[in-house]
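Here the structure comes first, spelled out in structure tokens, and everything after it is commentary.
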Amino acid sequence: MNDYSMRTLSICLVLCMVFQANAQLTTRYEQSEFTETATYEEAMNFYRALDEKYDEVSILTHGQTDIGVPLHVVLINTGKEKTPQELSQSGKAVWLINNAIHPGEPDGISASQMFARDLMENKNKYQEELEKVAIAIIPFYNIGGTLNRNSGTRVNQNGPAEYGFRGNSRHYDLNRDFIKSDTRNSQSFQELFHLYDPDLLLDTHVSNGSDYQHVMTLVSSQKDKLGGELGKYIDEVVLPHSFDGMKKRGFDAIPYVNAGRQTPDKGWTQFIDLPRYSTGYAALFHTIGYMSETHMLKTYKQRVESTYALMETMLDFLGEKGEELVELREQTKRSVSNQKEFEISWSVDTSRFTTFMFSGYEPTYVESEISGFTRLKYDRNQPFTKEVEYRNSYKANKVVTAPNYYIIPQQWRRVIDLLELNQVEMSRLEYDSSINVEAYMIADYQTVRNPYEGHYRHFDVEVSAKQINLKFRKGDVLVPVNQWRNRYIVETLEPEAPDSFFAWNFFDAILQQKEHFSSYVFEDHALKILEENPDIKRALDTAKAEDPRLAESANRQLDFIYQRSTHREPEYMRYPIFRIME
Ligand SMILES: [Zn+2]
């Protein structure tokens, strides 16, 4: 081979390599004229190529998912910190982006790929922001659902051609699993969440529901539930910046349209992000949370572009205000460590609302050709823009005074494991001890009729408290309520909180009585109890006078006595985590 052909070959090789690298860094979304989204393998190969090309990009593995494929994070950081632990010490703002929790809603998958690449290809342009912010992208959270690719399950969605399925490989909706944590996906997420301790979370989605003109709508941490200075900050600083930034980028974003069965032209109430959801979980740790909810009837291109615009907007915010947010979270962590009163459930404050401009389509009602009944049809020939009411204030309907410690008998291992996973500080009793505690008796509760995410969830839980002295064993767990993760502790351990472990069936065994009496044997003994305990007799007489069902049932009357006697097992209906008040 002569010099000339040698040189030609080398040029060709270099060009081929450049071409190949560029091809690897072009997304399926771009290759398909904005109509398709990457498969799991394609997107992971894309990120591997990005990782290879740029020192600032690294792919990290954080635990497993139910399908047996590990959970990955693509970390973009221009600083020298290469691990989440180093990052959390660095004082840099950390931004976590979660994609494909609902893989049928893949806008964020495509947007994240391009966003990560464009940041690296335009490092100079974003230099200032990237010095202040590290970005951790979960390319796919629900990997099992992503691998279950199809083109039918998003019946109301306008593309892409194929996408993953909402449920994970065990048919769980991961965006309800942040507290009960039935899936390995959730357990791995919780572990990585605390490693990165993000200041801001973006969880990407596509909405269902009514038709309107806006492409992007935003679920954000509810301000009153987030509470304190951070609650004020999201309302007065973060959200206005997001809406302004989106407008500048050509997208008139609005709050998530939570109109339920109503049409949105009369306004709506803000979605309350309970801890079972990503942003609600994040709020327990004072992380500002967003779910981007693009409108399902817009094209895939419009939706991906608006999700990308939101990412640019958020980067812009963190570049400008990241330090302020980090400092505010630090302050919040300190003040929450000393907090004694905790709001644990909320309802909308109907007396308060704000307004914003809503661009919708006129709802009309026509006869259904299927049922003959009236059906709703949004008339796209009648667009409108008008001011609507947005009821975005919530008030606490339950406040509890936290104990100094919760004490958890060691046999409630799943609870202890979850607290550990969430880095709650705990200690173990060194000796068997008798301790004065406040015990909760479950006074009332309702249960859903149909299974919800693998659970018969309880709601409207009411407790009554009593002081008792109880024996605890060496190894039982003490949880001091003096730490920055207090809100997680209180909102999972207080049974009346809507997403408490109690509500999620962790303690259902105590709701069933284990020993019973035989009426014919107990009858004589019960008479003796009444003779020896005039207070029980009085109570029975009063109750009989008030409750005809009791008055007319011999067995109910015996049970009334049994429940008030020393024969009744104390564990029945007694919440098995106790409060130490002194
Ligand atoms: Zn979703």
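Predicted model, so just to flag it, every value in this text is computed and none were measured. In each ligand, atom 1 is the first atom listed, and ligand 1 is the first ligand listed.
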As a test of reading the structure, name the N/O/S atom of His205 that is nearest the Zn ion (ligand 1).
ND1
N/O donor-acceptor pairs under 3.5 Å from side chains in residues 276-288, not counting sequence neighbours:
{"residue": "Arg276", "atom": "NE", "partner": "Asp499", "partner atom": "OD1", "Å": "3.0"}
{"residue": "Arg276", "atom": "NE", "partner": "Asp499", "partner atom": "OD2", "Å": "3.1"}
{"residue": "Arg276", "atom": "NH1", "partner": "Tyr452", "partner atom": "OH", "Å": "3.4"}
{"residue": "Arg276", "atom": "NH2", "partner": "Asp499", "partner atom": "OD1", "Å": "2.9"}
{"residue": "Ser278", "atom": "OG", "partner": "Asp203", "partner atom": "OD2", "Å": "2.7"}
{"residue": "Thr279", "atom": "OG1", "partner": "Asp273", "partner atom": "OD2", "Å": "2.9"}
{"residue": "Tyr281", "atom": "OH", "partner": "His194", "partner atom": "NE2", "Å": "3.1"}
{"residue": "Tyr281", "atom": "OH", "partner": "Asn422", "partner atom": "OD1", "Å": "2.5"}
{"residue": "His286", "atom": "NE2", "partner": "Trp484", "partner atom": "O", "Å": "3.3"}
{"residue": "Thr287", "atom": "OG1", "partner": "Pro198", "partner atom": "O", "Å": "2.8"}
{"residue": "Thr287", "atom": "OG1", "partner": "Arg329", "partner atom": "NH2", "Å": "3.4"}

Would you check, one step at a time, whether the test side chain to side chain contact (heavy atoms under 4.5 Å, CB included) holds for Ser207 with Tyr212?
CA-CA 12 Å; Ser207 77; Tyr212 43 81; 3.9 Å; yes
Name of the His102 atom (N/O/S only) found closest to the Zn ion (ligand 1)
ND1
Take the angle between the ring planes of Phe384 and Phe358 and call it parallel below 30°, perpendicular above 60°, tilted in between.
perpendicular
Can you tell me if an N/O/S atom from Glu105 lies under 2.8 Å from the Zn ion (ligand 1)?
yes
With a 4.0 Å cut-off on N to O distance, would you call Glu491 and Arg487 a salt bridge?
yes
